[in-house]
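Written below as structure tokens is the structure these notes are about.
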Amino acid sequence: MTKVTMADVAKFAGVSKSTVSQYINHRYEYMGEGTRRKIKEAIEQLGYQPNYIAKSLKQKRTFIIGIIVADIVHRFSTEVSRSIEDFCYENEMQAIICNADNNGKKEKKYIDMLRAKQVDGLIIFPTGQNEDLYKKMVEEGYPVVFMDRDIPHLKAPFVLANNQQATYEAISYFIQKGHQRLAIATQPLTISSRKERIEGYKQALNDHHIEPRADYMISTDISELHQNLNQLFQLDMPPTAILAGNDLVFLEILSFLQEKKLKIPEDVSLIVFDNIPFAHLTNPPMTIIAQPAFEMGAKAADLLLKQINKEAILPERIYFTCELICR
């Protein structure tokens, strides 16, 4: 079967090839509605497929971006990625999503691979293990936006949640409810967001004249969390409230409490720092710290597109406020 060309579309629609080209590239400024409709009908009836490789060569763009997620199992990461993909779709672009598994070598491999494929830019949830590579991309002027995790001293656009303030508010809420023995559980303190949540926890306790206790602060791998929780609840004075640092920690805590037949909130109160879609369906409904994932993803994608289009942006950190949803 003979391949349908742009010339065929132009002849069928009764317009010039340049007009068809403008239509395909969404340049409608000097094109009437009737002309647009005729070209659209011609493309559909003839089954024309634009040559995107030729388009990429001509415009020196692939119209593809890369998203490198540190750990895609987190609900927040999934929601941000969906938001970025939505933005790309609306702007005639595509997104390739890669999962680094919090592994610096895997992250570097994906960065190198995506750049070799000449994607127009990257949005990275950084592992924090490739700072020299991050810095090199920024210095080269390569379009890149960092997401969720801060890299101190790196002058680049970051889109971040206000982790410390949100945790402060959650711990203060516990205290207002009469709790004095407050624990926090996170994964290892290898990234900024977890460190910020611990700082918000400590600050809230100090401001309410409660001495932070080292044995109430758990920062460990998910595989070891059950053992740490067991030790926590064997203390002479176990906590009456716990803040779960993310969704994976929350699920492990929930499993532990069920195993020990500890009830929420009769035996222990619980707040989770993450976007839990089923939180309102638990018994009792769960209080959460919700991050504005879709807004953050859209902002990151917008900042990246501005760089791709050679628009000047500031290498600043943009913080989004989280919401304590009390149930």
Side-chain angles (χ1 to χ4, degrees), residues 71 73-79 161 163-189 193-194 196-205 207-208 210-293 322-327:
D71 191 347
V73 298
H74 290 290
R75 177 73 183 186
F76 172 74
S77 301
T78 305
E79 290 183 354
N163 294 289
Q164 186 166 336
Q165 181 62 32
T167 306
Y168 182 96
E169 291 174 2
I171 298 301
S172 297
Y173 175 76
F174 271 148
I175 296 169
Q176 290 164 13
K177 292 294 183 181
H179 294 283
Q180 294 288 305
R181 303 200 305 272
L182 300 136
I184 184 170
T186 73
Q187 290 176 270
L189 303 180
S193 54
R194 297 172 194 164
E196 290 161 3
R197 291 168 194 178
I198 289 288
E199 288 305 309
Y201 164 84
K202 291 179 180 178
Q203 183 186 351
L205 292 182
D207 286 355
H208 290 88
I210 300 173
E211 185 69 27
R213 291 178 49 166
D215 52 2
Y216 280 4
M217 290 181 273
I218 298 175
S219 298
T220 188
D221 291 322
I222 295 296
S223 60
E224 299 176 1
L225 185 54
H226 187 281
Q227 179 183 344
N228 281 262
L229 289 169
N230 201 44
Q231 294 171 355
L232 180 66
F233 279 89
Q234 286 180 359
L235 295 171
D236 292 337
M237 298 182 69
T240 61
I242 305 177
L243 176 65
N246 62 34
D247 53 350
L248 300 184
V249 172
F250 162 70
L251 292 174
E252 193 65 28
I253 291 175
L254 208 58
S255 174
F256 173 84
L257 295 178
Q258 289 177 350
E259 177 188 312
K260 300 300 180 181
K261 295 182 169 52
L262 295 171
K263 294 182 179 180
I264 304 169
E266 291 86 353
D267 299 313
V268 61
S269 292
L270 182 62
I271 294 177
V272 55
F273 198 131
D274 227 326
N275 299 9
I276 307 293
F278 53 82
H280 63 293
L281 300 176
T282 59
N283 186 19
M286 195 60 54
T287 294
I288 68 171
I289 301 170
Q291 302 178 78
C322 302
E323 181 185 4
L324 181 65
I325 301 177
C326 303
R327 299 189 173 100

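Keep in mind it's a predicted model, so treat the numbers as computed, not measured.
For the pair Y201 (side chain) and L182 (backbone), a donor-acceptor distance under 3.5 Å is present. Checking side-chain atoms of N230 against main-chain N and O of H226 turns up no donor-acceptor pair under 3.5 Å. Without hydrogens or angle criteria, R194 side chain to G245 main chain gives no donor-acceptor distance under 3.5 Å. A distance-only check finds no donor-acceptor pair linking the side chain of H179 to the backbone of I175 [under 3.5 Å]. At distances below 3.5 Å, not a single donor-acceptor pair connects side-chain atoms of S77 with backbone N or O atoms of V73. Side chain of S255 to backbone of L251: no donor-acceptor contact under 3.5 angstrom is found.
No hydrogens or angles considered: nothing links the side chains of H208 and Q180 as a donor-acceptor pair under 3.5 Å. No donor-acceptor contact under 3.5 angstrom links the side chains of Q203 and E199, judged on distance only. A side-chain donor from one of N246 and Q187 sits under 3.5 Å from a side-chain acceptor of the other.
Not a single ring-ring contact (aromatic ring centres under 6.0 Å, His included) links F76 to another residue, sequence neighbours left out.
F273 carries R197 over the face of its six-membered ring, with the cationic atom under 6.0 Å from the centre and within 45° of the normal.
Considering only heavy atoms from C-beta on, Y216 stays 4.5 Å or farther from I184 through its side chain. At a threshold of 4.5 Å between non-hydrogen side-chain atoms, the residues I288 and D274 do not count as touching. Residues I242 and V268 form a side-chain contact, since some pair of their non-hydrogen atoms from C-beta on lies under 4.5 Å apart.
Counting heavy atoms of neighbouring residues, nucleotides and ligands inside a 6.0 Å radius, atom NZ of K260 exceeds 12 of them.
The line from NZ of K202 to CD of E211 is 11.0 Å long, rounded to the nearest 0.5 Å. From I264, atom CD1 reaches atom OG1 of T287 across 10.0 Å, with rounding to the nearest 0.5 Å.
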